[in-house]
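A short write-up of the structure that comes next.
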Amino acid sequence: MTISYTLKVANARFGGFSKLLFRWKGSIYKLLYKEFFVFIVLYASVSAIYRYLLNEHQKRLFEKVAQYCNRSLDLIPLSFVLGFYVTLIVNRWWAQYTSIPLPDQLMCVISSNVHGRDDKGRILRRTLIRYANLSSVLILRSVSTRVLKRFPTMDHIVEAGFMTQDERKMFESLHSDFNKYWIPCVWFTNLAAQARRDGRIRDDVALRLLIDELNLYRSKCSMLFHFDWISIPLVYTQVTVYSFFAFCVVGRQFLQLPDGEKHEDLDMYVPLPTLLQFFFYAGWLKVAEQIINPFGEDDDDFETNKLIDRNFQVSLLSVDDMYQNLPPTGKDKYWNETTAQLPYTMATVAETLKPSFMGSTFDMRMNDDPEQNQQVDASPSMNRIQTPLLTRFFTAASPAVSLKNFGKGNRSHHTQLLRLRTEGTFPAGSPSFYRREELDTVGRIDEEEMEDDETMLNNSLTPNSRKSNSAEIKRKDLPLITVVEALDDSISISDQPSV
């Protein structure tokens, strides 16, 4: 039976958990007292052998071994390994709980889409939901010891009303080497298709909705089967706490060192810090051990038999007694009121004094300066506000305007931009900010083109011609476009093969 203490901790108060320290059922004391007693007996036995049965030479040897074990304890990452293991177990435990098939959605779809007030329609709805419950019972019987003890054979399932004798004969006639929990789901789909042909299900959309809900229900049954089949690797359950406290039995002994050696610890006989450490770490492991398979018979395991009783009763009630059994409808209590105000009791009336939460920025004070609150239109022609210091470090030339990223076929476009800049004209109708960006682009192209062209020219000409050509370019006061065209002509001439 699941131990619930939620009401005890509904409100946080002083000593709220102190009332839970003395509960026995479902407590850590009930899980751990046997292992705790075994550890104390082993520690006391080793201590007695060391104090009363060993000679001096054997005691010195034991003390070296004990000191070595005590130093080696720090090399075992117990907190990391145990924390990872328990986290994995808790996530798996909650995933198993959410995989338990519940018929609530399926029964609502059956009650609203499978029609007929006569006995045939009633039998159809009850049979569909019974098949779904039969599938869940078969899979829970395969993974839960409580359910298996309740339904040990197929005769018990037939006597409980989940299956008829004819259905049992058909079920047993289908031979398979695997679990056959899925057979009732196939019966469900065939019966739903027959109901669609008979007009009990009025359209294909309703049939599709019914089959989708059944597939979701069946997938949860399948997940339970796979959780039971695929376990966590066994190494985690074998090498965690047990190896650590095996070293503690020897390494945490109080040693009787000779008079010449330094005594660091008092000889207290009872290792209280080690016992507390065992209680915490071993208790952590026992919690993981309890919930690694929640379909057993521990105090905090899932109450699968109660779930079966609840699901069967509620599902039959929803598809039979509640089918088109509606209370009379009418005007509600707040029909003529614009704003409905629900009543409070004297114990909760103080909550009405608290203002409603409107948002985290609702009470934020805005700027009192009217100029800062004035609305303006976002225009591309507005001056851009930049931080000069930050833009020096973080602003780089865009690779899209670098000559190194352009092919030779784009040189005519660069020349056209340079000519437009020299003449001071741009196409009519172009916005002013486009012109400004084009001028910036042309400026960057000027610098990069001059560097690249001078490099190419120096590589292509002889040393004497290189000096004369550069001197001539510097001496002449030519426009920039003329210099670039001259460089282009010299490059094209140097690229021609010599005769």
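Every heavy atom of this structure was used, including side-chain atoms; hydrogens, water molecules and symmetry mates were not. Everything quoted here is computed from the prediction, not taken from an experiment.
A donor-acceptor pair under 3.5 Å is absent between the side-chain atoms of Tyr217 and the main chain of Leu106, judged by distance alone. The backbone N or O of Val158 sits nowhere less than 3.5 Å from a side-chain atom of Arg168 that would complete a donor-acceptor pair. A distance-only check finds no donor-acceptor pair linking the side chain of Asp301 to the backbone of Phe295 [under 3.5 Å]. Remark: the backbone N or O of Thr274 is not paired with any side-chain donor or acceptor of Arg252 at under 3.5 angstrom. Judged by distance alone, the side chain of Arg146 and the main-chain N or O of Gly296 form a donor-acceptor pair under 3.5 Å. In this structure, Asp332 contributes its side chain and Tyr334 its backbone to a donor-acceptor pair below 3.5 Å. No donor-acceptor pair under 3.5 Å is formed between the side chain of Tyr43 and the backbone N or O of Pro271. Proximity of a side-chain donor or acceptor of Ser144 to a complementary backbone N or O of Arg141 within less than 3.5 Å is not detected. The main-chain N or O of Thr164 is found under 3.5 Å from a side-chain atom of Glu167 such that the two form a donor-acceptor pair. Checking side-chain atoms of Arg125 against main-chain N and O of Met107 turns up no donor-acceptor pair under 3.5 Å.
Residues Ser315 and Asn133 bring a donor and an acceptor atom of their side chains to less than 3.5 Å of each other. Side-chain N/O atoms of Ser136 and Tyr181 include no donor and acceptor closer than 3.5 Å.
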Requested in this report: Starting from the C-alpha separation in whole Å, work towards a yes-or-no answer on side-chain contact (heavy atoms from CB on, under 4.5 Å) for His115 and Arg200.
Outcome: CA-CA 5 Å; His115 302 281; Arg200 299 287 180 173; 5.7 Å; no
Query raised in the report: Where do Met223 and Gln96 land on the side-chain contact (heavy atoms from CB on, under 4.5 Å) test, with the steps shown first?
Result: CA-CA 8 Å; Met223 285 302 300; Gln96 290 182 81; over 6 Å; no
Query raised in the report: For Ser99 and Phe227, what are the C-alpha separation, side-chain angles and deciding distance, and is it a side-chain contact (heavy atoms from CB on, under 4.5 Å)?
Result: CA-CA 9 Å; Ser99 298; Phe227 273 121; 3.7 Å; yes
Requested in this report: Report the C-alpha distance between Lys286 and Glu289 in whole Å, list the side-chain angles of each, state the deciding distance to 0.1 Å, and finish with yes or no for salt bridge (charged side-chain N to carboxylate O under 4.0 Å, His left out).
Outcome: CA-CA 5 Å; Lys286 292 297 290 185; Glu289 181 183 340; 3.3 Å; yes
Requested in this report: Apply side-chain contact (heavy atoms from CB on, under 4.5 Å) to the pair Trp93 and Phe302, showing each step before the final yes or no.
Outcome: CA-CA 10 Å; Trp93 168 76; Phe302 300 151; 3.4 Å; yes
Query - Derivation of the salt bridge (charged side-chain N to carboxylate O under 4.0 Å, His left out) call for Arg310 and Asp104 - result: CA-CA 11 Å; Arg310 181 261 176 194; Asp104 296 58; 2.8 Å; yes
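Pairing each heavy atom of Ser142 with each of Asp228, the nearest pair is O-OD2, 4.0 Å. Annotation for Lys220 and Ile100: closest pair CD-O, 4.0 Å, computed over non-hydrogen atoms. Between Cys69 and Val250, the closest heavy-atom pair is SG-CG1, 4.2 Å. Here the shortest heavy-atom pairing between Glu213 and Val109 reads CG-CG2, 3.7 Å.
For Asp321 and Arg122, the salt-bridge test fails: no basic side-chain N is under 4.0 Å from an acidic carboxylate O.
With contacts defined as side-chain heavy-atom distances shorter than 4.5 Å, the pair Val349/Thr352 qualifies. Using a 4.5 Å heavy-atom cutoff, the side chains of Ile308 and Leu140 are in contact. For the pair Ile292 and Ser231, the minimum side-chain heavy-atom distance is 4.5 Å or more.
Remark: of the listed residues Val114, Val186, Leu128, Leu128 is the sole one forming a side chain to side chain contact (heavy atoms under 4.5 Å, CB included) with Leu191. Of the candidates Phe247, Tyr242, Phe244, Phe39, Phe39 is the only one forming a ring-ring contact (aromatic ring centres under 6.0 Å, His included) with Phe278.
Surrounding CD of Gln324 are more than 12 heavy atoms belonging to other residues, nucleotides or ligands, all under 6.0 Å away. Heavy-atom neighbours of Lys30 NZ from other residues, nucleotides or ligands within 6.0 Å: above the threshold of 12.
For the ring-ring contact (aromatic ring centres under 6.0 Å, His included) condition, the pairs that include at least one residue of residues 124-150, sequence neighbours left out, are Tyr131-Trp187.
One finds the OG atom of Ser111 at 10.0 Å from the CD1 atom of Ile129 (value rounded to the nearest 0.5 Å).
Under the side chain to side chain donor-acceptor pair (under 3.5 Å) criterion, Thr127 pairs with no residue, sequence neighbours left out. Applying the side chain to side chain contact (heavy atoms under 4.5 Å, CB included) rule to Lys180 yields the partners Phe171, Ser176, Ile183; only residues at least two apart in sequence or on another chain are considered.
The ring of Phe36 has its center no closer than 6.0 angstrom to the ring center of Tyr29.
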